[in-house]
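Remember, it's 1-based here, ligands and their atoms both numbered in the order they're listed. The chain is numbered in sequence order, starting from 1.
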Amino acid sequence: MPNPTSETKPRPAGQGAGADSALTALPAIDVTLGQVVSRMAREYLKPHWKLAAIALAASAVVAGATGAVPLLIKLALDNIVGTDAWMLLLVSIGAIAATAVQAIGTYIARMNMATIGQLIVATIQKRMFSRIMHADLAWVSRTHSGRFLSGFLYDANRVRDSITVTVIDLGQNLLTVVALIGAMFWLNWKLALIGSTIIPFVAFIVRKLGKRTRKATQRNLEGSGDLTAVISEALKGIRVVKAYDQEETEISRTGRVIDMVCATALKAIKNRNMASPITGMLSGIGIAAVIYFGGRSVQTGFLTIGDLGGFLSAMLLAYEPLKKLANTQTLMHEGAAAASRIFPILDIEPSITAPGDAKPLVVTDGSVRFENVHFEYSDGTPALNGIDIDIPKGHTVALVGPSGAGKSTILNLVPRFYDPTEGRILIDGQDVRDVTLSSLRAASSLVTQDPFLFDDTIRANIAYGSPDATDEEIQTAARNAAAHDFIAALPNGYETTVGEAGFKLSGGQRQRIAIARAMLKDAAILLLDEATSALDTASELQVQTALARLMQGRTTLVIAHRLSTIKHANMICVVDEGRIIERGTHEQLVNMGGLYAELSRSQFIAEPAAETASDAAVAIAGE
Ligand code: ATP
């Protein structure tokens, strides 16, 4: 049986490494900046409102201290012209106090927001992972893992940056600009009006640039997802790449994606960085106007030199926060682009669920029954068309049939990796859709052709799903799976790490560890896809021995490739195009002279060497 998580991820020939096709399975949703901000504030910022409030209060203090500076400058300038030395000293002390308050306030605000940012990114990542783990297998399989990875690596961090930036920079800079504008109006409202004429222009340009940045960022993030996808595919398939001498193809494929990511990043950077100079230039025009009109007012005696000095310093002080505000807008748009990519993950609801009042499955015999089961994959591929199978307690039913007939699909329906589109599946008389998912999955063990091992110790791999197993139980399982001897011979024994996906072990060894895992789980029902991979006879014998032991006393549904398994099955179902077209024992089916007879003469059913090994294994296991 193909690995259920990988079976829907065929590598598209010669293009995009699945990136183009598979990533579209999870498109970004269309959300406005306002929606993103309000959702983020509601769901992620609210729990940290105290820290955020302190940060905002600190920002307000910073803004107030900045707003006081022009007034101090006015006082200083007016007193240089006058003679009050005490006043000058007081103003100097005031300047030190204002800058000290600014520095401390900025530190508090930034530290708090950085903390909130990290906590938010952690929450988003945990929620996303939990959603993915609980999501339907069909949905997870349809989406390229690169898309998920980029969600964790890039998108979540972009969202964090935009939240921190929104609260800190937007809050602080906006308050500072407001305080300085207040100071300007206090000093001279006419000049303040002249100086403020630039603000609508700044707002307009910043808005435009923000939207452009968002588009470029969206494409950049999609590109980053594609990049994660192509790199992880090339690494997973490195053997095939080398065997087919395709290093250069992969290098240029990945190079194209990298170029795309680079180009879109540059576009976003260009738009983002245009905001500051444009705002700067417009501010320059405002300052020039104030110098001219303010200067004329001083010359004509309408304004003191202190008023003009204070006013100009307020304008110059507003220059930086105004530029930052412009930048903030574009950064927020970047965050919105990232959020539109992670919301679909955060919002996914599994459709394969148990009803609210579901009871745990009560396994008495472990009998399995398929009643008129039809199934088609979500892309419309019909896979099963009226399957009826009855497997009484402890019996073995072997599924045989040509490739693509629907055998794996039948197996996948028992633990509800998918739900039938019609018909039902019963375990001990209970519909699998009516019982809790965890009790259902505890009732069966799945052993696939190419078992998956985690990059952990052998002990942890065997005990996966049985965390309370004792060392003795783990060893007994390994012995029964004919794995103990080779494990004991390894330098670190059960503590040996197996490498990514178990690459440090041979195919046969991996299979025996997976069998030990199923032994330890000790479920009443066994769903088994026999390996077709050519193991050498000794290894084959060991795997077959282990499998025969595993099958003993369990209700087994097996996709059979070995004559020995088939011979010992209580019933063989021949599957073709989603239907069971023949059923019976080996002899009955051979005599029938139909598809089974044809298959048993061809390579679909095990070669003689393996058959001998398997027969021997069954004999050993039966002893
Ligand atoms: P094999 O012996 O080669 O593993 P099989 O008998 O197990 O084949 P299935 O894997 O059950 O066959 O596939 C049955 C049909 O469903 C095939 O036509 C296959 O292309 C299709 N199919 C399998 N998985 C999916 C999927 N996730 N999405 C869409 N179609 C699928």
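- Side-chain atoms of Thr409 and Tyr377 include a donor-acceptor pair closer than 3.5 Å.
- Side-chain polar atoms of Arg341 and Ser150 form a donor-acceptor pair below 3.5 angstrom.
- In this pair, Tyr418 and Phe375 present their aromatic rings tilted. The plane angle is within the 30 to 60° band.
- Of the polar atoms of Gly404, at least one N or O is found under 3.5 Å from an N or O of ligand 1, judged by distance alone.
- By the neighbour-count criterion of 12 heavy atoms within 6.0 Å, atom CD of Gln246 is densely surrounded, having more than that number from other residues, nucleotides or ligands.
- More than 12 heavy-atom neighbours from other residues, nucleotides or ligands sit within 6.0 angstrom of CZ on Arg433.
- Close approach to Asp379 involves these atoms of ligand 1, each under 4.0 Å from a residue heavy atom: 29 (C).
- For ligand 1 and Thr409, the ligand atoms under 4.0 Å from any heavy atom of the residue are 9 (P), 11 (O), 13 (O), 14 (C).
- Checked by distance only, ligand 1 and Ala405 come closer than 3.5 Å through their nitrogen or oxygen atoms.
- The environment of OH in Tyr464 is sparse: at most 12 heavy-atom neighbours from other residues, nucleotides or ligands sit within 6.0 Å.
- Of the heavy atoms in Thr381, only side-chain atoms (C-beta onward) come closer than 4.0 Å to ligand 1.
- Every atom of ligand 1 with a heavy atom of Ser408 under 4.0 Å away is listed here by number and element: 4 (O), 5 (P), 7 (O), 10 (O), 11 (O).
- At a 4.0 Å heavy-atom cut-off, ligand 1 does not touch Val575 at all.
- At least one N or O atom of Gly406, backbone or side chain, sits closer than 3.5 Å to an N or O atom of ligand 1.
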